There are 2 protein chains.
Amino acid sequence: MNEEKKHEEAFLEVAQHLDEETLFIVSQTFKALSDPTRIRILSLLCSGEHSVNEIAETLNLSQSSVSHQLRFLKNLRLVKYRRAGTTLFYSEDDNHVMNLLKQAIEHAVHH
Amino acid sequence: MNEEKKHEEAFLEVAQHLDEETLFIVSQTFKALSDPTRIRILSLLCSGEHSVNEIAETLNLSQSSVSHQLRFLKNLRLVKYRRAGTTLFYSEDDNHVMNLLKQAIEHAVHH
DNA sequence: TGTAAATATGATTATATATTCATATATTCA
DNA sequence: TGAATATATGAATATATAATCATATTTACA
């Protein structure tokens with residue numbers, strides 16, 4: 001049996017016995033990416049850090065809405081921030097999840 | 001400028017001007033993967049085709065619930081089926097999305 | 001044709017979620 | 001300390017969603 005086959009079987013073993021915790025993590029991760037507003041925010045953060053107001057203005061969203069969504073993304077550790085005076089600059093904090101998003105966008109655009 | 005840099009810039013260009021349709025497709029795709037029941041169903045289908053009743057029994061779900069979720073997945077063309085008498089055998093129909101799911105599961109399991 | 005088996009469907013309900021509005025908090029600086 | 005700016009928060013509301021229940025539909029076959 002070659003390496004790829006072994007890897008495939010190992011995955012199936014895992015996939016068919018998904019424990020509660022894994023199921024929760026995976027579903028939460030995808031839930032974070034299932035809302036158009038959050039997708040737009042994360043996509044914007046692909047280009048580097050941005051303040052809350054910058055995000056709101058750039059994407060034409062209310063300050064409150066952006067702040068709520070950033071809290072959501074922060075809780076899942078998908079974004080982080082640094083403070084500069086009264087301004088908070090948010091940026092990506094999870095390469096793996098950002099890769100999932102990038103893949104989905106590229107796939108959607110090219111089809 | 002090397003090829004990777006070009007690719008990165010091209011992505012940023014796209015990500016910052018996500019049109020309504022792309023945004024809709026991407027969010028719908030992730031929404032499909034954001035529910036524990038659907039994740040379990042899709043994971044089971046990784047191991048090959050299964051009838052509605054097989055899925056319901058294996059995952060300890062009601063027939064109706066499974067049928068409803070399969071319709072959801074079918075509408076997004078993530079699954080397909082073949083008929084054999086009164087039995088419908090469902091199977092995966094979107095390698096790209098299944099890959100996103102596999103990546104997320106593997107990442108969650110190994111962390 | 002009539003019955004059984006497998007699946008689909010529609011209505012209902014309970015829960016989750018995104019946004020808005022008003023207001024609170026935190027930081028800077030005069 | 002007090003005003004100004006940036007951001008966070010909580011309550012309320014409207015909408016979306018998953019599961020359930022009862023029933024309809026489809027197919028096979030005696």
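Every chain is numbered from 1 and lettered A, B, ... according to where its sequence line falls, protein lines coming before strand lines. Quick caveat, the model's predicted, so the values are computed rather than measured.
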Between [N] ([atom2]) and [X] ([atom1]): distance, integer Å:
X	N	atom1	atom2	result
B:His50	C:dA6	NE2	C1'	17 Å
B:His68	C:dT7	NE2	C1'	11 Å
B:Ile55	C:dA8	CD1	P	9 Å
B:Asp35	C:dA16	CG	P	12 Å
B:Leu88	C:dT9	CG	C1'	14 Å
B:Glu57	C:dT7	CD	P	9 Å

Residue pair [X] / [Y], side-chain heavy-atom distance below 4.5 Å:
X	Y	value
B:Glu92	B:Leu42	no
A:Asp94	A:Arg77	no
A:Gln103	B:Leu100	yes
B:Ser43	B:Leu101	yes

(message) Which nucleotide wins on minimum distance to the side chain of B:Asn53, given the candidates C:dT9, C:dT20, C:dT7?
(response) C:dT7
(request) Among C:dA5, C:dT7, C:dT9, find the nucleotide with the atom closest to the side chain of B:Arg71. (result) C:dT9
(request) Would you verify whether the NZ or CZ of B:Arg38 falls within 45 degrees of the ring axis of B:Phe72 while also being under 6.0 Å from that six-membered ring's centre? (result) yes
(message) For C:dT28, give the paired nucleotide (Watson-Crick: N1-N3 plus N6-O4 or O6-N4; G-U: N1-O2 and O6-N3; both under 3.5 Å), or none.
(response) D:dA3
(request) Counting Watson-Crick and G-U wobble pairs only, both distances under 3.5 Å, name the nucleotide matched with D:dA19, or none. (result) C:dT12
Under 4.0 Å, counting only non-hydrogen atoms across every strand here, what does [X] touch: a base, just sugar-phosphate, or nothing?
X	result
A:Ser64	base
A:Ser67	base
A:Phe89	nothing

Does [N] have OP1 or OP2 sitting under 4.0 Å from an N or O in the side chain of [X]?
X	N	value
A:Gln69	C:dT17	no
A:Ser65	C:dT19	yes
A:Arg38	C:dA18	yes

(request) Could you say whether A:Gln63 or A:Thr37 is positioned toward the 5' end of DNA chain C, judged by the nucleotide with the nearest heavy atom to each? (result) A:Thr37
(request) Under 4.0 Å from any heavy atom of chain B: name the first and the last nucleotide of DNA chain D that qualifies, 5' to 3'. (result) D:dT17 to D:dA28
(message) Students often mix this up, so state it plainly: with edges at 30° and 60°, are the rings of A:Tyr90 and A:Tyr81 parallel, tilted or perpendicular?
(response) tilted
(request) Check whether A:Leu76 and A:Leu73 end up in the same hydrophobic cluster, where Ile, Leu, Val, Met, Phe, Trp and Tyr are linked by side-chain heavy atoms less than 4.5 Å apart. (result) yes
